Engineer: 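Structure below; questions to follow.
All heavy atoms count here, side chains included; hydrogens, waters and symmetry mates do not. Computed from a predicted structure; not experimentally measured. As the structure lists them, so they are numbered: ligands from 1, and atoms in each ligand from 1.
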Amino acid sequence: MKLCRFKNKCHAIRIGLATDDSQVIDLSAAGIGYLTPLLEAEDPLAIVRQLASANLPRVALAEVQLLAPVGRQEVWAAGVTYLRSKSARMEESDFSASAYDKVYAAERPEIFFKSMPQKVVGPGEAVGIRRDAKWNVPEPELALVLNSRGKIVGHTIGNDMSSRDIEGENLLYLPQAKTYHRSCALGPWIVLGTPEAQAREWQIKIAIERDGKNVFAGETSVGQIKRRFDELAEFLFRSQVFPHGAILLTGTGIVPPDGFTLHERDVVRIEVSGIGVLQNTVAVV
Ligand code: DO4
Ligand code: MG
């Protein structure tokens with residue numbers, strides 16, 4: 001079940017269900033105005049299944065604009081959860097290399113604040129690269145959708161856009177490397193109710209196009225994430241309250257070679273096999 005937010009022809013923001021035959025069932029026609037009440041329900045999947053079988057209006061997916069599937073949820077991110085991420089970051093930085101080594105093995109994971117929900121960009125919108133950074137990359141990540149009780153109710157695709165030169169210069173610059181205008185993309189929808197064991201079978205792929213030519217492609221498996229999802233969620237919710245739940249990116253396992261940086265107008269296409277495709281173009285911000 002693919003839960004989405006979309007803008008219809010009249011520019012009204014609606015909650016919907018994307019179907020396998022490229023339609024969107026308009027759940028807002030049944031009074032569902034926000035994602036939160038669905039995600040907070042004891043059994044969101046059961047409610048959504050029931051709504052899907054009701055006779056609600058449908059629109060062609062091609063006729064709507066999908067929006068980032070986030071309402072009032074803050075976006076947080078885990079880091080250094082894949083071996084590839086640990087080694088890439090140790091190479092990019094000299095004096096903070098040991099921090100990455102230590103956090104990969106430590107009991108407490110790296111978790112950082114990524115974005116306010118209203119700043120997240122959706123499918124087809126521009127993701128940003130900082131004008132004061134020289135080395136910018138996308139980070140294709142599986143995102144956990146958590147309700148206010150810290151329960152994982154769904155998954156979506158995240159892009160944790162990052163400035164590697166700023167991050168590598170000094171660990172204390174991490175918030176500037178990670179959180180800036182258009183630095184977080186989510187979408188295209190939330191897939192509800194997948195157990196962790198099944199999500200760990202999913203593949204994550206990225207392809208970056210420049211002037212119609214592929215300039216980077218990479219692939220990893222969700223199963224390579226070192227930590228369990230409930231472990232990451234439990235740390236995020238320690239001494240924290242999220243009345244509307246939260247989104248937690250689970251880290252990147254794909255890092256382009258060191259000579260690669262994004263350019264303005266590059267097209268970043270991220271695919272997670274159990275979810276779909278999140279595509280964005282790059283803009284200098
Ligand atoms: O500590 C740096 C950020 C790590 C990160 O974002 C990742 O591994 O995905
Ligand atoms: Mg990341």
Engineer: Would you call E139 and K178 a salt bridge, taking side-chain N to carboxylate O under 4.0 Å as the test?
Structural biologist: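 The answer is yes: the pair qualifies as a salt bridge.
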Engineer: Provide the atom name of the closest N, O or S atom of E141 relative to the Mg ion (ligand 2).
Structural biologist: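 In E141, the N, O or S atom with the shortest distance to the Mg ion (ligand 2) is OE2.
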Engineer: Looking at R14 and D26, is there a salt bridge between them, counting it only when a charged N and a carboxylate O are closer than 4.0 Å?
Structural biologist: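 Looking at D26 and R14, the cut-off is met.
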Engineer: Does D211 come within less than 4.0 Å of R265, counting only side-chain N to carboxylate O?
Structural biologist: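 Not counted as a salt bridge, because no side-chain N and carboxylate O are separated by less than 4.0 Å.
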Engineer: List the steps and the verdict of salt bridge (Lys or Arg N to Asp or Glu O under 4.0 Å) for E63 and K9.
Structural biologist: CA-CA 7 Å; E63 279 176 23; K9 270 199 223 155; 3.8 Å; yes
Engineer: If you measure every N or O of T81 against every N or O of ligand 1, does any of those distances drop under 3.5 Å?
Structural biologist: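 No, there is no polar N/O contact under 3.5 Å.
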Engineer: Should the pair F216 and F260 be assigned to parallel (<30°), tilted (30 to 60°) or perpendicular (>60°) ring geometry?
Structural biologist: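 Tilted, since the angle between the ring planes falls between 30° and 60°.
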Engineer: Indicate yes or no: does an N/O atom of E167 lie under 3.5 Å from an N/O atom of ligand 1?
Structural biologist: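 Min N/O separation from ligand 1 is not below 3.5 Å for E167.
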Engineer: Specify side chain, backbone, both or neither for F112, according to which of its non-hydrogen atoms lie closer than 4.0 Å to ligand 1.
Structural biologist: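 Answer for F112: side chain.
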Engineer: For the Mg ion (ligand 2), what is the closest N, O or S atom on E139?
Structural biologist: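 Per the distance ranking, E139 contributes OE1 as its closest N/O/S atom to the Mg ion (ligand 2).
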Engineer: On a heavy-atom basis, I'd like to know which of K114, E110, K86 is closest to atom 2 (C) of ligand 1.
Structural biologist: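 Checking each option, the heavy atom nearest atom 2 (C) of ligand 1 is found in E110.
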Engineer: Could you walk me through whether E107 and F235 pass the side chain to side chain contact (heavy atoms under 4.5 Å, CB included) test, one step at a time?
Structural biologist: CA-CA 10 Å; E107 188 202 346; F235 269 101; 4.3 Å; yes
Engineer: According to a 4.5 Å side-chain heavy-atom criterion applied to Ile, Leu, Val, Met, Phe, Trp and Tyr, with indirect links allowed, do V145 and I275 form part of one hydrophobic cluster?
Structural biologist: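 Different clusters.
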Engineer: Please confirm whether V80 comes within less than 3.5 Å of ligand 1 when only nitrogen or oxygen atoms on both sides are compared.
Structural biologist: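 Yes, since at least one N or O of V80 sits under 3.5 Å from an N or O of ligand 1.
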Engineer: How far is atom 6 (O) of ligand 1 from the closest protein heavy atom, and which atom is that?
Structural biologist: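 Sorting protein heavy atoms by distance from atom 6 (O) of ligand 1 puts K178 NZ, 2.7 Å first.
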Engineer: Can you tell me which residue and heavy atom of the protein come closest to atom 7 (C) of ligand 1, and the distance to 0.1 Å?
Structural biologist: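 Nearest protein contact, heavy atoms only, for atom 7 (C) of ligand 1 is R89 NH2, 3.3 Å.
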Engineer: Of all the N, O or S atoms in D160, which one sits nearest to the Mg ion (ligand 2)?
Structural biologist: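 Of all N, O or S atoms in D160, the Mg ion (ligand 2) lies closest to OD2.
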Engineer: Among protein heavy atoms, which lies nearest atom 8 (O) of ligand 1, and at what distance?
Structural biologist: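 Its nearest protein heavy-atom neighbour is S85 OG, 2.6 Å.
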Engineer: What part of L249, side chain, backbone, both or neither, has a heavy atom within less than 4.0 angstrom of ligand 1?
Structural biologist: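 The answer is neither.
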Engineer: Any luck finding a side-chain donor-acceptor pair between E40 and S148 under 3.5 Å?
Structural biologist: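 Yes, because at least one side-chain N or O of E40 sits under 3.5 Å from a partner of the opposite role on S148.
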